[in-house]
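Heads up, the thing below is written out as structure tokens.
The residues of the chain are indexed from 1 along the displayed sequence. Atoms within a ligand are numbered from 1 in the order they appear, just like the ligands themselves.
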Amino acid sequence: MDKFVITGCNKLYGSVDISGAKNSAVAILPAALMVSGICRIENVPDIQDVRVIFELIKHFGAKIAKIDAHTYDIDSTNLTYDAAPYELACKLRASYYFIGALLGRFNKAEVPMPGGCNFGVRPIDQHIKGFKLLGADVDLNHGVISAHADSLKGGNVFLDMVSVGATINIMISATRAEGITVIENAAKEPHVVDVANFLNSMGANIRGAGTDVIKIKGVQELHSGTYSIIPDQIEAGTFMIAASCVGGDVVIKNIIPRHLEPITAKLLETGTEVEEFDDSIRVRRLSTLTSTNVKTLVYPGFPTDLQPLATTLLTIAEGNSKVTESVWENRFQYIDELRRMGADINVEGKTANIKGVEQLMGTHVEATDLRAGAALVIAGLMAKGVTEVHNIIYIDRGYESIESKFNGLGANIVRMTDN
Ligand code: EPU
């Protein structure tokens, strides 16, 4: 396993290119299994979760050809039905998208309960409710979800809570269901719209993605096509927050500024300067940070995936700040690590109360999940002295070459084998 050794306090200057969205890619690639033909997918991020998805896709007989560093042809013309293998499926949360995709292609699916980052109970009852309303029988036996339908039939699904995964998964399977499916209380995240746009470009008929009511008219077949994945909102937000945390002047390129509005708004409240262009954003921090409060919400609110990074930023903001998590049950494990670096944070239920300190201090810390890992990298960049971030396997799951991207801005991060 590797670790990052970070020498802190180098301000960040220059520009950084943002990769394709992880949470789109991990849904679009399984959905490509429903296409009897070749999907050319561009802007695929080079991250560990995508490598695992590729292994899973190959398991079902799809052929993958690499066209360039971020473009792949996926040929799903000849597939063989099989259960998803446990060793691969347990490695990531997004393996649940194989239930929707296999149901859409074969009217059946067997997929082990998904793995992924651990921040509390992560049920998938809403996905299952949706598949059942489309006419599938769904059982959970010995940790494996089995779904089967003679034929999928469109239906009305009202989600009990806004779930990105359930919205996308139901949308994927409903693409091939007979008749019309309506998903109400749907998630509106940019990657929900991205998956809908991908499916539509392959011949699906999905309307309303990006609003809370999505209508899907089932089609008999999906056809070959080319699609480019949107830029990663969370990676872009990570670099925006990093520029504010560490100070300097950074242009974040290949982004959609509208997706970043909740982050821009919070950075402005802290006294960070943010300037938006067509497909880039400039973040400068020239003075001391001011405290503020952050509450995570579904899109277009402040994304939960940037919550650990917001907390890290506010550790050095003058005064008292509050960060409230309202999407996940338990997403504060990293706070003990920030405390080890000198942060003054006290957690009360779902709120972290932060008293700004002048500076964080380098030490050994452990990534507890993907975004917590990114937060600790940024904490290391802010801290005096050397920080070692262990367990970076989590970070590699979702960030493409994070250390090269930061080093390109003047940071000092070395990847080393962790003994
Ligand atoms: N929920 C249920 N039942 C369900 C589904 C969700 O109770 O059937 C609850 C969850 O427990 C949670 C809330 O609803 O409290 C929202 O969960 P959601 O389904 O939206 O999350 P997800 O689809 O499993 C995706 C991202 C996460 C991100 C969340 C929220 C992927 C692969 N993962 O998860 O991303 O935090 O949406 O935006 O798309 C990350 O990238 O680091 C990450 C964890």
How does Pro123 reach ligand 1, by side chain, by backbone, by both or by neither, if only non-hydrogen atoms under 4.0 Å count? both

Which heavy atom of Ile256 sits nearest to which heavy atom of Pro231, and what is that distance? CD1-CD, 3.7 Å

Between Lys129 and ligand 1, find which residue part has any heavy-atom pair under 4.0 Å and reply side chain, backbone, both or neither. neither

When you compare the side chains of Gln333 and Thr368, does any donor N or O come within less than 3.5 Å of an acceptor on the partner? no

Relative to ligand 1, is Lys22 under 4.0 angstrom through side chain, backbone, both or neither, heavy atoms considered? side chain

Which one of Leu306, Val327, Asp125, Asn169 has a non-hydrogen atom at the shortest distance from atom 16 (C) of ligand 1? Val327

Proximal atoms of ligand 1 relative to Met161 (non-hydrogen, under 4.0 Å): 1 (N), 2 (C), 3 (N), 7 (O), 14 (O)

Contact summary for Ala136 and Leu152, nearest pair of heavy atoms: CB-CD2, 4.3 Å

Look at the rings of Tyr81 and Phe106 and say which category their plane angle falls in: under 30° parallel, 30 to 60° tilted, over 60° perpendicular. perpendicular

Taking all non-hydrogen atoms of both residues, which atom of Ala236 and which atom of Ile255 are closest, and how far apart? CB-CG2, 3.6 Å

Distance filter under 4.0 Å to Leu370 heavy atoms, resulting ligand 1 atoms: 42 (O)

Just by distance, no angles: are the side chains of Tyr227 and Asn43 close enough, under 3.5 Å, to form a donor-acceptor pair? no

Might you confirm whether atom CG of Asp150 has over 12 heavy atoms from other residues, nucleotides or ligands at distances under 6.0 Å? no

Asn23: numbered ligand 1 atoms lying under 4.0 Å from its heavy atoms: 26 (C), 31 (C), 32 (C), 33 (N), 35 (O), 39 (O), 41 (O)

Contact between ligand 1 and Glu325 is defined here as a heavy atom of the residue under 4.0 Å from a ligand atom; is it met? no

Side chain, backbone, both or neither: the part of Tyr299 lying under 4.0 Å from ligand 1 by heavy atom: neither

Which heavy atom of Ala187 sits nearest a heavy atom of Val162, and at what distance? CA-CG1, 3.5 Å

Should you measure from each heavy atom of Ile124, which atoms of ligand 1 turn up under 4.0 Å away? 4 (C), 8 (O)

With atoms numbered from 1 as shown, which atoms in ligand 1 lie under 4.0 angstrom from a non-hydrogen atom of His127? 8 (O)

Mind listing the closest non-hydrogen atom pair of Gly155 and Leu134 along with its distance? N-CD2, 3.8 Å

Would Glu189 count as a polar contact of ligand 1, with the cut-off being nitrogen or oxygen pairs under 3.5 Å? no

Residue from Val251, Val16, Asn10 passing side-chain contact (heavy atoms from CB on, under 4.5 Å) with Leu409: Val16

Option nearest atom 24 (O) of ligand 1 (shortest heavy-atom distance, choices Tyr97, Tyr96, Tyr394): Tyr96

Between Gln307, Arg93, Arg371, flag the one that comes closest to atom 42 (O) of ligand 1 by a heavy atom. Arg371

Within 4.0 Å of some non-hydrogen atom of Thr304, the atoms of ligand 1 are 30 (C), 36 (O), 38 (O)

The atoms of ligand 1 lying under 4.0 Å from a heavy atom of Gln126, numbered in the order shown, are 3 (N), 4 (C), 8 (O)

Is a donor from one side chain sitting under 3.5 angstrom from an acceptor on the other, for Tyr334 and Thr311? yes

Parallel, tilted or perpendicular, as decided by the 30° and 60° cut-offs, for the rings of Tyr299 and His259: perpendicular

Selection from Gly165, Ala372, Ala27 by shortest heavy-atom distance to atom 23 (O) of ligand 1: Gly165

Output the list of atoms in ligand 1 that are nearer than 4.0 Å to some heavy atom of Arg331, sorted by atom number. 36 (O), 42 (O), 44 (C)

Can you figure out which of Val164, Asp49, Leu159 has its heavy atom closest to atom 37 (O) of ligand 1? Val164

